Amino acid sequence: GQNIDQPTEMTATEGAIVQINCTYQTSGFNGLFWYQQHAGEAPTFLSYNVLDGLEEKGRFSSFLSRSKGYSYLLLKELQMKDSASYLCAVRDYHGGATNKLIFGTGTLLAVQP
Amino acid sequence: NAGVTQTPKFRILKIGQSMTLQCTQDMNHNYMYWYRQDPGMGLKLIYYSVGAGITDKGEVPNGYNVSRSTTEDFPLRLELAAPSQTSVYFCASTRTGGDGYTFGSGTRLTVV
């Protein structure tokens with residue numbers, strides 16, 4: 001089966017650091033993605049991990065451990081505009097490159113002053 | 001460069017009516033997808049296409065149909081609208097898997 005778990009909601013303070021976790025169980029794995037989605041808008045691509053380790057992009061970093069089926073998104077120096085839903089997605093792979101993504105239900109992050 | 005364009009942005013349908021959600025991309029992406037997003041349920045894959053002339057079902061295809069006659073266009077057809085199809089629909093495309101998807105702005109559909 002396929003299952004992706006992430007916390008439903010998180011709250012953090014402006015200027016702080018927050019870590020959003022994602023665990024997954026999929027029958028095929030070929031990469032993990034993080035997307036940001038502001039209310040009423042489309043998701044936008046944040047990061048991609050296919051190998052174990054940390055990928056850093058400015059204030060955002062993403063980590064992957066394939067053996068543990070675990071990833072996290074780290075947001076530093078939080079700003080009010082970071083209030084959004086963060087979606088974890090796993091790329092499904094079954095002997096053919098369809099590039100299908102399986103999405104978690106998202107973590108709604110509220111940044112408070 | 002328009003990216004992925006979806007029309008319409010909003011639509012109200014009556015039960016049993018039909019409609020087509022349009023999706024066009026100008027990035028020459030081979031891979032295209034239709035997802036629906038319900039509150040608290042995440043994005044669910046309806047149909048996808050790996051290239052012109054090739055389509056396949058995703059997780060929740062019942063009540064929908066697609067076609068892919070060109071690389072640019074990937075319309076989604078609802079034949080007999082039902083209240084369960086009330087949702088926000090997103091079209092997305094990608095060149096390769098590592099690039100991530102580019103999403104359209106979405107179509108908010110209400111069936112009454």
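Every chain is numbered from 1 and lettered A, B, ... according to where its sequence line falls, protein lines coming before strand lines. Side-chain atoms are counted along with the backbone in the values below, which use heavy atoms only and exclude waters and symmetry mates. Just so it is clear, the structure is predicted and the values come from calculations on it, not from any experiment.
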For atom [atom1] of [X], decide whether the heavy atoms of other residues, nucleotides or ligands shown that lie under 6.0 angstrom number more than 12.
{"X": "Lys57(A)", "atom1": "NZ", "answer": "yes"}
{"X": "Glu77(A)", "atom1": "CD", "answer": "no"}
{"X": "Arg66(A)", "atom1": "CZ", "answer": "yes"}
{"X": "Ile12(B)", "atom1": "CD1", "answer": "no"}

Would you say [Y] ends up clustered with [X] if hydrophobic residues are merged whenever their side chains have heavy atoms under 4.5 Å apart, either directly or through other cluster members?
{"X": "Met19(B)", "Y": "Ile15(B)", "result": "yes"}
{"X": "Phe63(A)", "Y": "Leu109(A)", "result": "no"}
{"X": "Tyr70(A)", "Y": "Leu74(A)", "result": "yes"}
{"X": "Leu78(B)", "Y": "Val112(B)", "result": "no"}

Just verifying a value: how many Å separate Gln37(B) CD and Phe103(A) CZ, rounded to the nearest 0.5 Å?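 Between atom CD of Gln37(B) and atom CZ of Phe103(A) there are 9.0 Å.
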Measuring from Leu45(B):CG to Thr98(A):OG1, what's the distance to the nearest 0.5 Å?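 Going from the CG atom of Leu45(B) to the OG1 atom of Thr98(A) covers 8.5 Å.
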Steps toward ring pair (Phe, Tyr, Trp, His ring centres under 6.0 Å) verdict (Phe103(B), Phe45(A)): CA-CA 9 Å; Phe103(B) 281 88; Phe45(A) 170 66; over 10 Å; no
Going through the distances and angles, do Phe90(B) and Gln37(A) end up as a side-chain contact (heavy atoms from CB on, under 4.5 Å)? CA-CA 12 Å; Phe90(B) 287 104; Gln37(A) 186 177 25; 3.7 Å; yes
Please state whether the side chain, the backbone, both or neither of Leu101(A) comes within less than 4.5 Å of a heavy atom of chain B. both
Mind checking whether Met41(B) and Thr105(A) have side chains closer than 4.5 Å, heavy atoms only?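 In short, these two side chains do not touch, never coming nearer than 4.5 Å.
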At a heavy-atom separation under 4.5 Å, does Leu43(B) approach chain A through its side chain, its backbone, both, or neither?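 Contact with chain A: backbone and side chain both.
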Could you label the plane-to-plane angle of the Tyr35(A) and Tyr101(B) rings as parallel, tilted or perpendicular, counting under 30° as parallel and over 60° as perpendicular? tilted
Chain B: which of Pro43(A), Gly106(A), Ser85(A) shares the most heavy-atom pairs with it under 4.5 Å? Pro43(A)
Quick check: does any side chain N or O of Tyr33(B) sit under 3.5 Å from a backbone N or O of Asn99(A), one acting as donor and the other as acceptor? yes
Using every non-hydrogen atom in the two residues, find where Ser105(B) and Ala42(A) come nearest and quote the distance to one decimal.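 For Ser105(B) versus Ala42(A), the nearest heavy atoms are CA-CB, 4.2 Å.
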